[in-house]
Amino acid sequence: MTRVLSVASECAPLVKTGGLADVAGALPGALADLGDEMRTLLPGYRSVMGQVKKAKAVATFSDLFGGPARVMAAKLAGLDLLVLDAPHLYDRPGSPYLGENGHDWPDNPERFAALSYAAAHIALKGADKWKPQVIHGHDWQAGFIPEYLHEMSGGKGGVPFVFTIHNIAFHGNTGPDRIKALGLSDWRFNADHFEFWGHVSALKAGLTGADRITTVSKTYAEELMTPEFGMGMDGVLRARRDDLTGIVNGIDTEVWNPGTDPQIKVYKTAKGKGPNKTALRKEFGLKKSDGPLCVLISRLTYQKGIDLILEALPALLARGGQLALLGTGETALEVALLERAAAEPNVGVRIGYDEALSHRMIAAGDAILVPSRFEPCGLTQLYGLRYGTVPLVALTGGLADTVINASPAALAQGVATGVQFTPVTGEALANAFTRLCDLYAAPKTWAAIQKNAMKQPVGWETSAADYSALYAGLLEG
Ligand code: ADP
C-alpha cells in the first residue's frame with residue numbers, strides 16, 4: 001500500500017478541459033482497489049470552490065505568491081481532495097487556464113507554481129496528519145515540484161516524484177525575470193534544471209527533476225524522444241530514456257457503459273445501437289442514409305486534425321456516409337465546420353462542450369473519428385471501442401496502441417477493432433473513409449469488428465497496476 005499525492009490542474013468530474021481530468025479523476029479509485037491511497041491536490045478555481053461544501057483547512061500560507069492561501073481537505077465525488085484555496089490566484093471566471101478574452105492568464109506561472117509549492121509543502125510537512133510517500137504530478141502545472149522539494153528540504157529532496165506527460169505541447173514557459181517571484185534558485189537556471197533556451201520552463205523542471213517519467217501510451221513514449229514529436233524536449237527525454245515509460249490510459253467503464261448509460265437507449269450488443277442512431281440523426285437534422293454515421297468529439301485544434309476532416313469529407317459523403325461533430329476550439333475551424341454543415345445535408349455540427357451529447361453521439365455512431373496529428377493516448381477511441389462504435393484513427397501515439405487496424409491479416413484472424421491511417425494527411429484519411437465504407441458495406445465483417453471492439457479491455461485495471469508497481473518500486477531502493 002502506497003500513499004500518493006496526485007497533483008493536477010484539472011480533475012473530473014469537478015473541472016475538466018481534456019483527458020488529463022479523466023485520468024486524475026479515475027486513477028484514485030482504480031488504485032484504491034489495489035490498496036493504494038491517493039489524495040488529489042487541485043487548484044481551488046471558483047467553479048471548484050462552489051462544489052466544495054464541507055471542508056477543513058489542513059495547511060495555511062500567509063503569502064503564497066501574492067496573497068493568503070489554505071489547503072482544504074474535502075471528500076467529493078468519491079475523491080479525497082486537497083483543494084488549494086487561493087482567491088488571488090483562482091477566484092476568477094473563465095477556464096482553468098484562459099481568461100474570458102481567450103488568452104492565458106498572465107499570472108499562470110505563479111498560479112501553478114503555487115500548486116507545486118503547496119504539493120511540496122504537503123509532502124514534507126504533511127496535511128491532515130497525512131504524508132504521502134510518493135508525489136505524482138501531471139503536466140507542466142506540476143513541473144516545479146522537484147525544485148520546491150529541493151528548496152524546502154535544504155537539498156535533500158526526500159519524497160520521490162513521478163511526472164506524467166499528458167501533452168508535451170504545453171511547456172509552461174516564462175521569462176528569467178520571474179525566477180525570484182517564483183521562489184526558484186538562480187543557480188539552477190541552467191540546462192540541467194529548469195532553463196529551456198533562455199526561458200524558465202516548468203515542464204523542463206519536471207522532466208529533469210522527476211525520479212520517474214511516464215506518459216500515456218508506449219508509442220507516445222517512443223515518439224517523444226524524436227524531434228518530430230518531442231517539441232524541443234526530445235533531447236531531455238532521450239537523456240532520461242531509462243526512467244521513461246508509457247502507461248496507457250483507461251476509461252471509467254461505469255460512466256461509459258452502453259448497458260447502463262443513463263444518457264442513451266441502453267444496449268448489450270452493437271445490434272442494439274439502432275434507436276440511438278435514429279434519435280441522434282433527428283437531433284442533428286440528418287436524414288436516413290446508407291453509409292456509416294461517423295461521430296467526432298474533440299477540441300477543435302490543429303493537433304486534432306480537424307482540417308483533415310474538412311479536406312477528406314467528400315470521400316465519406318460520396319459513399320452515403322454522414323458526420324456528426326461536437327467540439328469547441330479555434331475560431332477558424334469552428335466557422336469552417338459550420339459553413340460545411342450549412343452546405344451539406346449529411347453533415348451536422350454542434351459547437352460547444354456537452355458531456356451528455358457526447359454519450360448520445362458515441363452510442364449512436366457507427367464509427368468514431370480521431371484523425372490527430374499527434375495523440376498521447378486519446379480517450380474517445382476507447383469510448384468508441386466500448387460502445388461498438390468503430391474507431392477510425394491516425395496511426396500515432398495511443399491511437400496506434402489501442403486500435404487494431406482492419407488489415408487483411410487482422411480481418412482473417414478475427415482481431416480487427418478499427419481502421420488506422422498513415423501518413424496523417426487528408427489524402428490518407430480520404431482513403432481510410434473509403435476503406436471504412438467498404439467494411440461497413442459488408443455487414444458480417446462489420447459486425448465482427450464491432451464485437452471485437454466491445455471485447456477490448458479499456459478500463460483501468462492493468463494500467464492502475466502498472467502505476468501501483470511504479471510507486472512501490474520507488475520505495476524499495
Ligand atoms: P485531449 O485531452 O487532448 O483534449 P482526449 O481524447 O485525451 O483529448 O480527451 C478529451 C476528453 O474530452 C474526452 O473525454 C472527450 O470526450 C472530451 N471532450 C472533448 N471535447 C468535448 C466536447 N466538445 N464535449 C464533450 N466532451 C468533450
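Side-chain atoms are counted along with the backbone in the values below, which use heavy atoms only and exclude waters and symmetry mates. Whatever order the structure lists ligands and atoms in, that order sets their numbers, starting from 1.
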Worksheet entry | CA sep, side-chain torsions, deciding dist, call: Trp140, Lys204, side chain to side chain contact (heavy atoms under 4.5 Å, CB included) | CA-CA 8 Å; Trp140 72 266; Lys204 175 109 182 253; over 6 Å; no
Discussion item. Between Glu283 and Arg350 (salt bridge meaning N to carboxylate O under 4.0 Å), is one present in this structure?
Written reply: no
One pair per line, please: each N/O atom of ligand 1 matched with every protein N/O atom under 3.5 Å away, atom names first, then the distance to 0.1 Å.
{"from": "ligand 1", "atom 1": "2 (O)", "to": "Gly19", "atom 2": "N", "distance (Å)": "2.6"}
{"from": "ligand 1", "atom 1": "3 (O)", "to": "Arg299", "atom 2": "NH2", "distance (Å)": "2.8"}
{"from": "ligand 1", "atom 1": "3 (O)", "to": "Lys304", "atom 2": "NZ", "distance (Å)": "2.8"}
{"from": "ligand 1", "atom 1": "4 (O)", "to": "Arg299", "atom 2": "NE", "distance (Å)": "2.7"}
{"from": "ligand 1", "atom 1": "6 (O)", "to": "Leu379", "atom 2": "N", "distance (Å)": "3.0"}
{"from": "ligand 1", "atom 1": "8 (O)", "to": "Lys304", "atom 2": "NZ", "distance (Å)": "3.0"}
{"from": "ligand 1", "atom 1": "9 (O)", "to": "Gly19", "atom 2": "N", "distance (Å)": "3.2"}
{"from": "ligand 1", "atom 1": "14 (O)", "to": "Lys16", "atom 2": "NZ", "distance (Å)": "2.9"}
{"from": "ligand 1", "atom 1": "14 (O)", "to": "Asp22", "atom 2": "OD2", "distance (Å)": "3.2"}
{"from": "ligand 1", "atom 1": "14 (O)", "to": "Tyr383", "atom 2": "OH", "distance (Å)": "2.7"}
{"from": "ligand 1", "atom 1": "23 (N)", "to": "Gly352", "atom 2": "O", "distance (Å)": "2.8"}
{"from": "ligand 1", "atom 1": "24 (N)", "to": "Asp354", "atom 2": "N", "distance (Å)": "3.0"}

Worksheet item: Given the rule in the ring-ring contact (aromatic ring centres under 6.0 Å, His included) test, do Phe196 and Phe194 qualify, once you have shown the distances and angles that lead to the verdict?
Response: CA-CA 6 Å; Phe196 183 68; Phe194 57 79; over 10 Å; no
Item to complete: Would you mind listing every side chain to side chain donor-acceptor pair (under 3.5 Å) that reaches into residues 227-246, with sequence neighbours excluded?
Response: Asp234-Arg238, Arg240-Asp243
Worksheet item: Which is it for Thr174 and His199 under the side-chain hydrogen bond (donor to acceptor under 3.5 Å, both in side chains) test, yes or no, and what are the steps along the way?
Response: CA-CA 6 Å; Thr174 190; His199 294 281; over 6 Å; no
Worksheet entry | Parallel, tilted or perpendicular, as decided by the 30° and 60° cut-offs, for the rings of Trp460 and Tyr467 | tilted
